[in-house]
Structure formats: structure tokens, C-alpha cells
Engineer: 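One structure is given below, represented as C-alpha cells, and several questions about it will come after.
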Amino acid sequence: CETCSEEEAKYRCPRCMKYSCSLLCVKKHKLALSCNGVRDKTAFVSVNDFTDLNLLSDYRFLEDVGRTADAAARHPIVHSPTTKKLLYCLRNKARRCDIDLRTLPVGFTKRRENSTTFNYVEKKFYWHLKLIFPHCHAEYTLKGVPDDKTLADILKPYIDPVESDPVVCQRLKIYTASPQSDVQILMKIENRKQNSVRYNELDASRSLLDNLKGKVIIEYPTLFVVLKTLKNDMVVLGQ
């Protein structure tokens, strides 16, 4: 068992492939790794390892996608003029800021979660933002983040040794204990092949708006906060 290291393992997690000996250890590993225990149907599989089971899994996955898309297309909100107008205005304002903002159909999780708005009086975005700290298996969702706020200020409540919340600081201990120069903020580049994932490195001293310019955003930005010495498989564009 990879949780207690005492008993013989009986179960294997479909999601992260961790071995467990009992229901208690299964629950502990899910809590520690923020694992939902559901197999990742979109995980990359090389051609050499591809089997008939993978083909069947892909076929069923596409069927599920088809049913979800069909149900979403029938949703009354899709045909609402108000919804269409708001999304059009949001994309249009983003385009004027040199941001390629793309929205998903109703029914998708990111579409349902997104709370991004544009304030016409202040003439700025208030973004829905997701922060992911992969080394601690932690993620946080922020709402109403003004586009003129710097990334350094956004991260202060999380990784600053002095200003961060004590509970959050304890969970992100590996970040708060590391020098700020070792912290790197990355954002995944959209529309790339699954086996060629690359990230853009963002500038913590610049505003959120400046960092998003010239980039494709699907619904809302997701930022990965990593340590340069530990990021391993996260390849920055150009490296």
C-alpha cells in the first residue's frame, strides 16, 4: 500500500495508479492528492501501447461527447438573445485588448463556472481566474480579479511568507519556503497536440491584462505556479 506502507495492496486507483489496501487508505490518498478516482479518458497513449480497449474507450468517450453536445444545443439558454449578446460583447472587448477569448457551448463545466465580466464604466475586465500549484496538488479559484492587478499581487495571499493566510501557507509550504526568484508562473498554450504541450512564461511584475495579450484564452485563464527546480515535464515554449 502506497498510503500506509503496512498492508498488502488490493486496489489500484484508475486515475493516478496508486496502490491501496483498504477503503480508508483509498480515501486518504484521494484527500492528499486531490484525486477524484475517475479514470482520465483523455490521457495520452502512445501508438505502441494503443490496444483495442483504448479504441473502445475512445469510441465511448466520443459518444458521451456527442450526447453532451446535443443536450447543450437543446438548452434554452443557448437560444437566449441576452446570453448571446453578453458573450459577443465580452469576446469583442477582449479582441480589442489583443486577447483571443473563446467561449464553450452551454453544458461544459468551464462555461458554467466562468464569472468573467467587463465593467463598462471602469473599462476593464474582472476575470474569473484559476491558480494551480502542482507541487502541492492544490488549486484555487478567484472571482472578480481586476485586469490591472499584477500577478505578484494576485499570488501574495498564497505564497508570500508574511501576507499569506496561515492555512494556505501551511498547505503551500514548499512555495513559501522557496525564494521568490525560483517561482515561475506558466499558462498552457491552447490548440496544441496532446503530445506536444507547451507553456508560456508570464511576468509576475506585469498586470494580468499585459500577460494575457496575444494569447488564446478558453473561457478564463488558468495559471500554473511552479518552482523552476521541480517543474520537470512542463516545457516552456522555445525550450
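Residue indices begin at 1 and follow the sequence shown.
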Engineer: Decide if the gap between the ring center of Tyr19 and the ring center of Tyr11 is smaller than 6.0 angstrom.
Structural biologist: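 For Tyr19 and Tyr11, the ring centres are not under 6.0 Å apart.
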Engineer: How close do Cys136 and Ile174 get, heavy atom to heavy atom, and via which atoms?
Structural biologist: SG-CG2, 3.3 Å
Engineer: Knowing that exactly one of Arg111, Lys110, Arg102 qualifies, which makes a salt bridge (charged side-chain N to carboxylate O under 4.0 Å, His left out) with Glu219?
Structural biologist: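 With Glu219 as partner, salt bridge (charged side-chain N to carboxylate O under 4.0 Å, His left out) holds for just one option, Arg111.
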Engineer: Just so I know, are the side chains of Cys4 and Cys21 near enough to count as touching, which here means a heavy-atom distance under 4.5 Å?
Structural biologist: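 A side-chain contact exists here, since the closest heavy-atom pair is under 4.5 Å.
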Engineer: List the steps and the verdict of side chain to side chain donor-acceptor pair (under 3.5 Å) for Asn48 and Ser46.
Structural biologist: CA-CA 5 Å; Asn48 295 332; Ser46 65; 5.2 Å; no
Engineer: Test your reading of the model: is there a side-chain donor-acceptor pair from Arg15 to the backbone of Val38, 3.5 Å cut-off?
Structural biologist: yes
Engineer: Of all the heavy-atom pairs spanning Asn211 and Lys215, show the shortest one and how long it is.
Structural biologist: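 Between these two residues, the closest heavy atoms are O-NZ, 2.7 Å.
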Engineer: Got a salt bridge between Lys124 and Asp148, using NZ or NE/NH1/NH2 to carboxylate O under 4.0 Å?
Structural biologist: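 Salt bridge flag = yes for Asp148 with Lys124.
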Engineer: How about Lys85 and Cys89: do any of their side-chain heavy atoms sit closer than 4.5 Å?
Structural biologist: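 Sidechains of Cys89 and Lys85: in contact.
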Engineer: Please give me the minimum heavy-atom distance between His128 and Ser115, naming the atom from each residue.
Structural biologist: ND1-OG, 2.8 Å
Engineer: Does the side-chain contact (heavy atoms from CB on, under 4.5 Å) test come out yes or no for Tyr140 and Arg171, once each step is laid out?
Structural biologist: CA-CA 12 Å; Tyr140 299 92; Arg171 187 177 185 187; 3.6 Å; yes
Engineer: Would you call Val225 and Ile132 a side-chain contact if the rule is heavy atoms closer than 4.5 Å?
Structural biologist: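 A side-chain contact is absent here, since even the closest heavy-atom pair is not under 4.5 Å.
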Engineer: Within the side chain of Thr176, is there an N or O that forms a donor-acceptor pair under 3.5 Å with the backbone of Lys173?
Structural biologist: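 Yes; at least one donor-acceptor contact below 3.5 Å.
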Engineer: Does the Arg206 side chain pair with the main chain of Leu151, one donor and one acceptor, at a distance under 3.5 Å?
Structural biologist: no
Engineer: Is the closest side-chain heavy-atom distance between Phe224 and Leu202 below 4.5 Å?
Structural biologist: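 Counting from C-beta outward, Phe224 and Leu202 never come under 4.5 Å.
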Engineer: Classify the ring geometry between Phe118 and Phe125 as parallel (under 30°), tilted (30 to 60°) or perpendicular (over 60°).
Structural biologist: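 Phe118 and Phe125: perpendicular rings.
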Engineer: Would you indicate whether Tyr88, at its atom OH, is surrounded by more than 12 heavy atoms from other residues, nucleotides or ligands within a distance under 6.0 Å?
Structural biologist: no
Engineer: Taking NZ, NE, NH1 and NH2 as the nitrogens, is one of them in Arg67 or Asp64 under 4.0 Å from a carboxylate oxygen of the other?
Structural biologist: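 Judged by the 4.0 Å cut-off on N to carboxylate O distance, Arg67 and Asp64 do form a salt bridge.
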Engineer: Is a donor from one side chain sitting under 3.5 angstrom from an acceptor on the other, for Thr103 and Arg91?
Structural biologist: yes
Engineer: Is Tyr120 atom OH crowded by more than 12 heavy atoms from other residues, nucleotides or ligands, each under 6.0 Å away?
Structural biologist: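 Correct, the count exceeds 12.
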Engineer: So Val216 and Asn191, side-chain contact (heavy atoms from CB on, under 4.5 Å) or not? Walk me through it.
Structural biologist: CA-CA 9 Å; Val216 177; Asn191 300 329; 4.2 Å; yes
Engineer: Between Thr51 and Asp49, is the side chain to side chain donor-acceptor pair (under 3.5 Å) condition met? List the steps.
Structural biologist: CA-CA 6 Å; Thr51 64; Asp49 298 329; over 6 Å; no
Engineer: Are Ile217 and Leu142 connected into the same hydrophobic cluster when the rule is that any two of I, L, V, M, F, W, Y join if their side-chain heavy atoms are below 4.5 Å apart?
Structural biologist: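 Leu142 clusters together with Ile217.
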Engineer: Is there side-chain contact between Thr222 and Met187, with at least one heavy-atom pair below 4.5 Å?
Structural biologist: no
Engineer: Atom CD of Glu201 and atom CG of Asp203: how far apart are they, to the nearest 0.5 Å?
Structural biologist: 8.5 Å
Engineer: Can you name the nearest heavy-atom pair linking Cys35 to Cys13, along with the distance?
Structural biologist: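 Between these two residues, the closest heavy atoms are SG-SG, 3.6 Å.
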Engineer: May I ask you to check whether over 12 heavy atoms, not counting those of Asp40, lie within 6.0 Å of atom CG?
Structural biologist: yes
Engineer: Which atoms form the tightest heavy-atom contact between Thr116 and Leu90, and what is the distance?
Structural biologist: O-CD2, 3.9 Å
Engineer: Look up atom CG in Leu172 and atom CG in Leu155, then write down how far apart they are to the nearest 0.5 Å.
Structural biologist: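 These two atoms lie 10.0 Å from each other.
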Engineer: Taking the cut-offs as 6.0 angstrom to the six-membered ring centre and 45 degrees off its axis, would you call Lys130 and Tyr220 a cation-pi pair?
Structural biologist: no
Engineer: Determine, using the 4.5 Å side-chain heavy-atom cutoff (strictly less than), whether Val197 and Val226 are members of one ILVMFWY cluster.
Structural biologist: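 Cluster IDs for Val197 and Val226 match.
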Engineer: Distance check, rounded to the nearest 0.5 Å: Glu2 atom CD versus Cys16 atom SG?
Structural biologist: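 These two atoms lie 8.0 Å from each other.
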Engineer: Taking the side chain as every heavy atom from C-beta outward, state whether Lys149 and Tyr126 have any pair of such atoms under 4.5 Å apart.
Structural biologist: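 Side chain of Lys149 against side chain of Tyr126, heavy atoms only: no contact under 4.5 Å found.
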Engineer: From Cys1 SG over to Glu7 CD, what is the distance, rounded to the nearest 0.5 angstrom?
Structural biologist: 8.5 Å
Engineer: Are Ile154 and Val183 connected into the same hydrophobic cluster when the rule is that any two of I, L, V, M, F, W, Y join if their side-chain heavy atoms are below 4.5 Å apart?
Structural biologist: yes
Engineer: Could you state the interatomic distance from CD (Glu190) to CG (Asn200), rounded to the nearest 0.5 Å?
Structural biologist: 10.5 Å
Engineer: Would Ile218 and Ile99 show up in the same hydrophobic cluster when neighbours are defined by side-chain heavy atoms closer than 4.5 Å?
Structural biologist: no
Engineer: Decide side chain to side chain donor-acceptor pair (under 3.5 Å) for Asn54 and Ser57; before the verdict, give the C-alpha distance in whole Å, the side-chain angles of both, and the deciding distance to 0.1 Å.
Structural biologist: CA-CA 5 Å; Asn54 296 117; Ser57 174; over 6 Å; no
Engineer: Can you name the nearest heavy-atom pair linking Cys97 to Leu209, along with the distance?
Structural biologist: CB-CD1, 4.1 Å
Engineer: Please collect all ring-ring contact (aromatic ring centres under 6.0 Å, His included) contacts where either partner lies in residues 159-178, sequence neighbours excluded, each pair once.
Structural biologist: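 Checked against ring-ring contact (aromatic ring centres under 6.0 Å, His included) - neighbours excluded - the pairs reaching residues 159-178 are Phe133-Tyr175, His135-Tyr175.
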Engineer: Got Leu212 and Pro221 here, is their nearest side-chain heavy-atom distance under 4.5 Å?
Structural biologist: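 Yes, their side chains come closer than 4.5 Å.
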Engineer: When rounded to the nearest 0.5 angstrom, what distance separates CD in Glu8 from OG in Ser22?
Structural biologist: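 The OG atom of Ser22 is 12.5 Å from CD of Glu8, to the nearest 0.5 Å.
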Engineer: Cluster question for you: counting only ILVMFWY and a side-chain heavy-atom cut-off of under 4.5 Å, with indirect links fine, are Leu31 and Met17 together?
Structural biologist: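 Looking at the clustering, Met17 is in a separate group from Leu31.
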Engineer: Does any non-hydrogen side-chain atom of Leu223 lie less than 4.5 Å from one of Leu186?
Structural biologist: no
